[in-house]
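Taking it in order: structure first as structure tokens, then the write-up.
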Amino acid sequence: MASRVIPVEPFDLVVMGATGDLGRRKILPALFRRFCAGQMPAGARVIGAARREMSRAAFCDLVAEAVREFSPNQAGEPGMLEGFLGCVDYQAIDARGPDGWEALAAKLSPGRVRAFYFSVGPSLFGELARRIREFGLVSELTRIVVEKPFGHDLESARALNRTLAAQFDESEIYRIDHYLGKETVQNLMAVRFGNMLFEPLWNSQYVDHIQITVAESVGVGGRGEYYDRAGAMRDMVQNHLMQLLCLIAMEPPAKFEPDAVRDEKLKVIRALDVVPPYHIVRGQYAADPQLPEGPASYREEVGNPRSTTESYIALKAHISNWRWAGTPFYLRTGKRLVARSSVINVMFKDAPHSIFGADAGRHANVLSIRLQPNEGITLHVTIKEPGPGGMRLVDVPLDMSFAEALGPGGRDPADAYERLIMDVIRGNQTLFMRGDEVEEAWAWTDPIIAGWQSRGDVPKPYVIGSTGPNDADQLMKRDDRRWRGINP
Ligand code: BG6
């Protein structure tokens, strides 16, 4: 089944900070892949803008290199790269001064969507927004795209929202959380609201608990400076895991439309209880003593021998509303774990009574939604073990791997950035965070972090390549539950 490509009108996309890491790794290759898919119409322009003086030819070289490195499969297709470079231009601008802005304005075409992607640190958001307005770059079809981290806490997030709101309407602001652009994350909504099967059971009467795991095998790499100030709570939980939690827990929106969906997500965040310290486990990766040549510890990697920043977090959250009262949500995420694996497990309750007797065994149903890798959905059901010898029950997976079920379209789903950038061009904000959502998420996160600071909390070490600190298992054990495995 080939994936359907919905054409868009020609647009101008200005990537501010295009020469930076995100631009090279994600944004430019994503645009290239949309070009290969036939979705970038003739005349569409991608204009790199950064402080560095650079000729168009030099920028094209940078784009070509980025595409070859981060999109090698498509880069080899004859003529594609040349075609894409034909859409590319560059303009040096000074975010803190007037240089380059008039020249940038001259490159933009009237009457078409113009999007400004702020692929820069948040300290520049205000300056950029002001200059875009001051130099008359704003048209009726203007959109700005901003990246996380959207603030460091509630106060800074509010300040950022105010700064952007001074120049742009909320309907023009696209706050990216790339998890919302992942294929399976959207499938979560399709499964919940496109089927009759699940929604009637989707509540505390039938669901025992829900596990959300986002495990990474990589360490913090070259982002140590940022990460050591952020930690897993700010880097992953406040945004990505929070968004997953919202989509799993929200009430059905009346329509798949931006405010309908975002209103429901907001209600979930508002209904989250304060998390007490004994429902949270923080961890930090330590070198494996068995592997003296193996990866360095977190502290070594970030170059801070006394760091108390967490690279792992597990917590138990409660949503106080009619649907979910009594059903805990266990969230965990960490770096340098045994595998890269993101999965949501909806753990149903046991059948109320077993007619087969205690010896037959009992297995509760589990719906596993695999975000990555091997995107797909598995429903675990109980059947009779084959063969004679009486009634013994076994758990079997009803497995739907998207790669197998959907052919090429499922095997190679569009990257989150491809989808989200095209949504910006189309003017669809459904998969972008609204300002109030981000603020509410910080309002929930802030007291947790403040508690660690006031108590001088030190994260528990866990060995690189493990499943995280033992305390995270204890968090479950105390409730007579256990984490499902982290399988790639
Ligand atoms: C980013 C975080 O937002 O998401 C990174 O800042 C993390 O620390 C990344 O590695 C994970 O994204 P993905 O798409 O690889 O799961």
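Throughout, numbering of the chain's residues begins at 1 and tracks the sequence. As the structure lists them, so they are numbered: ligands from 1, and atoms in each ligand from 1.
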Residues forming a ring-ring contact (aromatic ring centres under 6.0 Å, His included) with Y179, sequence neighbours excluded: H240

ring-ring contact (aromatic ring centres under 6.0 Å, His included) partners of Y174, counting only residues at least two apart: F432

Student check: side-chain heavy atoms of R332 and Y312 closer than 4.5 Å: yes

Electrostatic pair D94-R96, nearest N-O below 4.0 angstrom: no

Name the atoms and distances for all side-chain donor-acceptor pairs under 3.5 Å in residues 281-290, with sequence neighbours left out.
from: R282; atom 1: NE; to: E310; atom 2: OE1; distance (Å): 3.4
from: R282; atom 1: NH1; to: D457; atom 2: O; distance (Å): 3.1
from: R282; atom 1: NH1; to: D457; atom 2: OD1; distance (Å): 3.0
from: R282; atom 1: NH2; to: T308; atom 2: O; distance (Å): 2.8
from: R282; atom 1: NH2; to: E310; atom 2: OE1; distance (Å): 2.8
from: Q284; atom 1: OE1; to: R299; atom 2: NE; distance (Å): 3.0
from: Q284; atom 1: NE2; to: S307; atom 2: O; distance (Å): 3.1
from: Q284; atom 1: NE2; to: T309; atom 2: O; distance (Å): 3.0
from: Y285; atom 1: OH; to: V220; atom 2: N; distance (Å): 3.1
from: Y285; atom 1: OH; to: E301; atom 2: OE1; distance (Å): 2.5
from: D288; atom 1: OD1; to: Q290; atom 2: N; distance (Å): 2.9

Between the protein and ligand 1, are there any N or O atom pairs that come within less than 3.5 Å of each other, and if so, what are their names and distances?
from: ligand 1; atom 1: 3 (O); to: K148; atom 2: NZ; distance (Å): 2.8
from: ligand 1; atom 1: 3 (O); to: H240; atom 2: NE2; distance (Å): 2.7
from: ligand 1; atom 1: 4 (O); to: H240; atom 2: NE2; distance (Å): 3.4
from: ligand 1; atom 1: 6 (O); to: K148; atom 2: NZ; distance (Å): 2.9
from: ligand 1; atom 1: 6 (O); to: R223; atom 2: NH2; distance (Å): 2.7
from: ligand 1; atom 1: 6 (O); to: D235; atom 2: OD1; distance (Å): 2.6
from: ligand 1; atom 1: 6 (O); to: D235; atom 2: OD2; distance (Å): 3.3
from: ligand 1; atom 1: 8 (O); to: R223; atom 2: NH1; distance (Å): 2.9
from: ligand 1; atom 1: 8 (O); to: D235; atom 2: OD2; distance (Å): 2.6
from: ligand 1; atom 1: 8 (O); to: K335; atom 2: NZ; distance (Å): 2.8
from: ligand 1; atom 1: 10 (O); to: E216; atom 2: OE1; distance (Å): 3.4
from: ligand 1; atom 1: 10 (O); to: E216; atom 2: OE2; distance (Å): 2.5
from: ligand 1; atom 1: 10 (O); to: K335; atom 2: NZ; distance (Å): 3.1
from: ligand 1; atom 1: 12 (O); to: H178; atom 2: NE2; distance (Å): 3.1
from: ligand 1; atom 1: 14 (O); to: H178; atom 2: NE2; distance (Å): 2.8
from: ligand 1; atom 1: 14 (O); to: K182; atom 2: NZ; distance (Å): 2.6
from: ligand 1; atom 1: 16 (O); to: Y179; atom 2: OH; distance (Å): 2.5
from: ligand 1; atom 1: 16 (O); to: Q372; atom 2: NE2; distance (Å): 2.7

Closest non-hydrogen atom pair between G48 and F59, with its separation: CA-CZ, 3.6 Å

